[in-house]
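The block underneath contains the structure these notes are about, expressed in structure tokens.
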Amino acid sequence: MKVGEKRAYAICLLHILMCVHNVWPFLSLYDINCRWSKHFRHFVSHSSGWSAPLRAWALAMAMPLPPFHINMHIAECAEQNSLKRIAGAGRGNGEPTEIFNRFLGLCGAVLQYAAKPVRVTWLQVQQGEWNRKKE
């Protein structure tokens, strides 16, 4: 299977983790899972050294995009590979805050030269929009 170094290292690490150390992860977060997961599943399907239960587990393992990286993908990719679609997967304590800060950070280029009252009003409007989007 021809894959680049970035994909081969991740496949090797998961193979060692699962086959040698007998750790069966529920999911794998990787910033290129939308493209990488098919290479991992191809590797599992076409290589020896996997017991039948472990192979079934590896093929069914969830491979979403990490929350910090998902906003960098096109909308269809982000929706298909979101943690929201995986039963039992949640978010850590700091992640919603970081995602919100990234959302507000996009306003920085527009607001860097604005007067403080304008910045405060604009950020309050954006915070309201963020809360509306979550509902």
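Just so you know, these numbers use all the heavy atoms, side chains as well, and skip hydrogens, waters and symmetry mates. Computed from a predicted structure; not experimentally measured.
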Checklist entry - Does a side-chain heavy-atom distance below 4.5 Å link Val120 with Lys116? => result yes
Checklist outcome for this item: In short, Leu59 meets Ser45 closest at the heavy-atom pair CD2-OG, 3.6 Å
Checklist entry - Which word best sums up how the rings of Trp24 and Trp57 line up, parallel for under 30°, tilted for 30 to 60°, or perpendicular for over 60°? => result tilted
Checklist outcome for this item: Here the pair of heavy atoms bringing Ala58 nearest to Met18 is CB-CE, 3.7 Å
Next on the checklist: Using the rule side-chain contact (heavy atoms from CB on, under 4.5 Å), only one of Gln126, Arg119, Gln124 pairs with Trp122; which is it?
Outcome noted: Gln126
Item to check | Donor-acceptor contact below 3.5 Å, side chain His15 vs main chain Ile11 | outcome: no
Checklist entry - Within a strict 4.5 Å, meaning less than it, do heavy atoms of the Leu13 and Ile16 side chains meet? => result no
Checklist outcome for this item: Rounded to the nearest 0.5 Å, the OG atom of Ser48 sits from the CZ atom of Arg55 at a distance of 8.0 Å
Checklist entry - Would Val125 and Val118 show up in the same hydrophobic cluster when neighbours are defined by side-chain heavy atoms closer than 4.5 Å? => result no
Item to check | Least distance between heavy atoms, Pro64 atom then Asn33 atom | outcome: O-ND2, 2.7 Å
Checklist entry - When hydrophobic residues are tied together by side-chain contacts of less than 4.5 Å, even through go-betweens, does Met63 share a cluster with Val23? => result yes
Next on the checklist: Measuring only between side-chain heavy atoms, which start at C-beta, is Met61 closer than 4.5 Å to Ser37?
Outcome noted: no
Next on the checklist: Ignoring hydrogens, what is the shortest heavy-atom contact between Pro25 and Leu14? Give both atom names and the distance.
Outcome noted: CG-CD2, 4.0 Å
Checklist entry - To the nearest 0.5 Å, how far apart are OG in Ser28 and CZ in Phe40? => result 7.5 Å
